[in-house]
Amino acid sequence: MKTTYKEIREIEEINLLIEQGNATLKELGYTEHSKKHAAKVSDTAGKILTELGYGKHKIELAKIAGYMHDIGNSINRHDHAHSGALLAYQILKDTEMSLKDVLVIMTAIGHHDEATGDAVDPVSAALILADKTDVRRNRVQNPVPATFDIHDRVNYAALSTKLTIQKEKKVIQMELELDDEICTVMDYFEIFLERMIMCRRAAERLECKFKLIANGNKMC
């Protein structure tokens, strides 16, 4: 590829859009969507395709899409996947990346939100799985536990999260350990059921099954 993931991470405009989006969401009471989340989603998306045996080109596209997927939050949280896709197109078409690759990344970003999107190819599937399984305590930006909403409680209760890819069994498995004094498994499903259904469909696009184990119990 003429434009690499490493080069994308160094583009000031992209990083400013990510941080502007995160600053806005923090003011609105949302969990962290900073460069840390972007990098984690990117790394996980790349890992998924790597362990499933996809080629370096698709892996690189998934990592770029993962890093840029939330830039639309700089405009508005509502419909951020679509606005982010349009922003990504405008930025990437001015790089040395081929138009075909730009469109793959644009499509993946435009389809990562559970309200309107779906996995349409391996890159979008990897992005969805990586994004929807990033549940961790340090994503909570609200410093006052007494005012936590359910999203804050679920993320704060996450003691550990592990995503494993079992290529031979064709299984993508998420293992989640929650502090049930803060948040129950049912609380998790109250807000994440739609996301887990999206993960199942994304895994199917990769010809795998999605499994969720929460506090040692197989949930799906």
Side-chain angles (χ1 to χ4, degrees), residues 1-26 31-75 80-113 117 119-136 138-139 141 161-165 167 172 174 199 202-203 205-206:
M1 290 182 63
K2 293 182 179 179
T3 304
T4 66
Y5 167 60
K6 182 179 179 181
E7 291 170 334
I8 290 297
R9 288 195 62 168
E10 295 173 355
I11 295 177
E12 182 182 20
E13 182 178 6
I14 294 172
N15 289 319
L16 287 174
L17 286 169
I18 293 170
E19 291 305 332
Q20 176 65 23
N22 185 55
T24 301
L25 294 187
K26 184 176 181 180
T31 51
E32 173 259 332
H33 288 73
S34 69
K35 289 190 292 184
K36 183 174 182 179
H37 171 64
K40 182 171 178 57
V41 170
S42 175
D43 290 345
T44 303
K47 172 188 172 183
I48 290 168
L49 294 190
T50 297
E51 296 195 15
L52 289 176
Y54 283 85
K56 291 182 179 179
H57 189 81
K58 275 194 171 59
I59 293 167
E60 196 79 351
L61 292 177
K63 291 174 72 174
I64 293 170
Y67 193 71
M68 297 181 68
H69 78 284
D70 270 339
I71 59 176
N73 284 321
S74 62
I75 297 175
H80 75 287
H82 298 160
S83 55
L86 294 174
L87 283 172
Y89 176 78
Q90 291 296 324
I91 295 168
L92 295 177
K93 74 180 181 63
D94 291 331
T95 68
E96 295 184 2
M97 186 180 295
S98 73
L99 182 57
K100 184 178 180 180
D101 287 345
V102 171
L103 295 176
V104 170
I105 292 168
M106 180 190 74
T107 299
I109 293 172
H111 278 270
H112 85 271
D113 186 68
V120 296
D121 58 23
V123 172
S124 59
L127 168 56
I128 287 167
L129 285 160
D131 181 41
K132 305 312 173 189
T133 57
D134 185 19
V135 182
R136 49 189 164 83
N138 58 3
R139 289 196 70 188
Q141 301 191 100
T161 308
K162 182 180 179 182
L163 190 70
T164 57
I165 295 88
K167 182 180 178 181
I172 298 173
M174 179 183 178
C199 284
R205 178 65 65 176
L206 297 171

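Of all heavy-atom pairs between Lys47 and Ile165, the closest is CE-CD1, 4.0 Å.
The side-chain contact (heavy atoms from CB on, under 4.5 Å) test applied to Thr24 returns Gln20, Leu28, not counting sequence neighbours. Residues satisfying the side-chain contact (heavy atoms from CB on, under 4.5 Å) test with Thr4, not counting sequence neighbours, are Lys6, Glu7, Glu60. Evaluation of the side-chain contact (heavy atoms from CB on, under 4.5 Å) rule for Ile59 yields Leu49, Thr50, Lys63 as partners, not counting sequence neighbours.
Evaluation of the salt bridge (Lys or Arg N to Asp or Glu O under 4.0 Å) test over residues 32-46, restricted to residues two or more places apart or in two chains, returns Glu32-Arg136, Glu32-Arg139. Residue pairs meeting the side-chain hydrogen bond (donor to acceptor under 3.5 Å, both in side chains) criterion with at least one member in residues 83-96, sequence neighbours excluded, do not occur. For residues 122-132, the side-chain hydrogen bond (donor to acceptor under 3.5 Å, both in side chains) pairs, not counting sequence neighbours, are His37-Asp131, His69-Asp131, Glu114-Lys132, Asp121-Ser124.
Distance alone, capped at 3.5 Å, is enough to place a donor-acceptor pair between the Asn15 side chain and the Arg9 backbone. Using a distance-only test at 3.5 Å, with no hydrogens or angles considered, a donor-acceptor pair links the side chain of Arg205 to the main chain of Ala119.
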Walk me through it: do Ile91 and Leu17 pass the test side-chain contact (heavy atoms from CB on, under 4.5 Å)?
-> CA-CA 11 Å; Ile91 295 168; Leu17 286 169; 3.7 Å; yes
Output, in order, the C-alpha distance, side-chain angles, deciding distance and verdict of side-chain hydrogen bond (donor to acceptor under 3.5 Å, both in side chains) for Asp101 and His57.
-> CA-CA 9 Å; Asp101 287 345; His57 189 81; 2.9 Å; yes
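To the nearest 0.5 Å, atom CD1 of residue Ile71 and atom CG of residue Asn22 are 14.0 Å apart. Note that CD1 of Ile105 is 9.0 Å distant from OG1 of Thr3, once rounded to the nearest 0.5 Å. Between the CE atom of Met106 and the CE atom of Met68 there is a distance of 12.0 Å, given to the nearest 0.5 Å. A distance of 8.0 Å separates OG1 in Thr31 from CG in Leu25, rounded to the nearest 0.5 Å. Atom-to-atom distance recorded for His33:NE2 and Asp134:CG is 9.0 Å, nearest 0.5 angstrom. Separating the CD1 atom in Ile14 from the OH atom in Tyr67 is a distance of 8.0 Å, to the nearest 0.5 Å.
Leu87 has its side chain within reach of Ser74: a pair of non-hydrogen atoms, C-beta onward, lies under 4.5 Å apart. Within the 4.5 Å cutoff, the side chain of Leu129 has no heavy atoms near those of the Thr44 side chain.
Applying side chain to side chain contact (heavy atoms under 4.5 Å, CB included) to Tyr54 and the options Leu61, Ile48, Leu206 leaves one that passes, Leu206.
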